[in-house]
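Right, one structure below, let's go through it.
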Amino acid sequence: MSAKDYQKDYYKTLGVPKTATAAEIKKSYRELARKYHPDANKGSADAEERFKEITEAYNVVSDEKQRKEYDEARSMFGGFRVPAGSRPGPGGTTFDLGDLFGNGEGLGDVLGGIFRNRPGGGPASRARRGADVETETTLPFGDAIDGATVTLRLTGEGPCPVCGGTGAKSGTVPKVCPDCHGTGQQARNLGGFGLSEPCKTCRGRGLVVEDPCPSCSGSGRAMSSRTIQARIPAGVADGQRIRIPGKGAPGEHGGKAGDLYVRVHVKPHEVFGRSGENLTVTVPVTITELALGAEIKVPTHRGPAVIVRIPPGTPNGRVFRVAGRGVRRKDGTLGALLATVEVVVPQDLSKKARSALEDLRIATAEADPREDLLRRARAE
Ligand SMILES: [Zn+2]
Ligand SMILES: [Zn+2]
């Protein structure tokens with residue numbers, strides 16, 4: 001308690017009259033502490049400041065002896081500003097107000113420790129980014145091509161909904177840890193080296209819970225599931241991981257939310273396949289269509305069939321490229337549909353067809369398609 005503390009109006013801070021009973025003070029403090037507790041205010045610096053003020057005020061006026069001394073000091077010096085350092089008392093005598101409480105260590109400093117002495121310093125350092133979260137989803141083939149909005153159910157750890165993350169039973173608030181005085185750190189002496197390690201009593205939190213929340217047993221954390229809508233962009237491939245910023249676990253004390261990673265599985269299509277930004281399809285053709293040339297209908301994905309012209313003498317297995325019928329690229333343009341022609345050998349021939357093929361055999365008897373192969377095989 002330092003001199004400047006006498007200038008603070010603790011009653012005003014707690015919203016109670018000077019004549020308030022201990023019960024009234026306690027009630028008002030609890031309400032205010034709940035309202036301004038940093039864990040319930042997403043790291044708002046203002047709320048944190050208020051929480052420190054009301055806790056500091058409560059620590060003094062809830063203690064009968066300290067309250068009496070505070071009241072006496074207020075009535076004596078209340079309105080005066082006491083310059084730090086010189087602290088002249090009435091009549092010119094030097095009067096150390098700090099001695100009034102017989103305790104030079106300010107409560108304000110102790111409480112300040114909760115917020116200031118964290119690794120990294122200021123209140124902002126309490127802000128912690130939420131964890132990244134991974135999940136999976138399975139898309140129909142077409143949704144992967146065109147993009148889709150999917151509903152994802154995420155399970156993760158978050159603030160306990162019963163106590164709002166404070167870990168304290170309803171109607172109570174966490175107390176400053178008595179072992180580390182709120183710093184969350186404990187000094188350890190190792191052969192002359194002063195080391196500090198996280199306080200064992202409060203596990204580095206700086207606060208301890210006397211009446212634990214029955215729902216989370218004082219941890220302040222709870223498993224919860226939430227449902228979110230996520231946009232899967234067009235053109236996602238099977239096995240691809242999509243990053244959705246800000247949809248991961250919520251941050252703590254005003255920290256940003258983590259990212260959500262969605263592993264996408266794509267159901268295969270009966271007809272179409274994928275090759276990067278292109279779609280693929282295998283189109284059955286007859287031997288005569290390839291030999292004589294033809295115009296054939298090729299199906300497209302989610303669109304009308306297109307006509308592809310097969311030139312005479314097209315080899316089996318040739319790939320025809322139909323532009324603009326593939327997968328949507330990032331820039332909005334479309335990949336191609338790659339149509340592979342595959343000869344279908346007729347199984348049940350009509351009499352007429354058989355006779356026509358017999359005629360073809362005779363007409364082409366001189367051309368042995370294996371002549372070149374056999375010659376090359378002998379070459380070595
Ligand atoms: Zn709880
Ligand atoms: Zn501690």
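Worth knowing before you read on, the calculation uses all heavy atoms, side chains too, and leaves out hydrogens, waters and symmetry mates. In each ligand, atom 1 is the first atom listed, and ligand 1 is the first ligand listed. What you are looking at is a predicted structure, and each value in this text was computed from that prediction instead of being measured.
When side chains are defined from C-beta on, R226 counts as touching I228, because their heavy atoms get closer than 4.5 Å. When side chains are defined from C-beta on, L290 does not count as touching T286, because their heavy atoms never get closer than 4.5 Å.
Here Y70 and Y10 bring their ring centres to under 6.0 angstrom of each other.
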Inset, instruction - Evaluate the criterion side chain to side chain contact (heavy atoms under 4.5 Å, CB included) for residue pair F320 and I310; output intermediate values, then yes/no. - result: CA-CA 9 Å; F320 291 85; I310 307 283; 3.7 Å; yes
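Expressed to the nearest 10°, the angle at the Zn ion (ligand 2) joining SG in C177 with SG in C202 is 110°. To the nearest 10 degrees, the angle centred on the Zn ion (ligand 1) between SG in C163 and SG in C213 reads 120°. Around the Zn ion (ligand 2), the angle linking C199 (SG) with C180 (SG) is 110°, rounded to 10 degrees. Angle SG (C160) to the Zn ion (ligand 1) to SG (C216): 110°, rounded to 10°.
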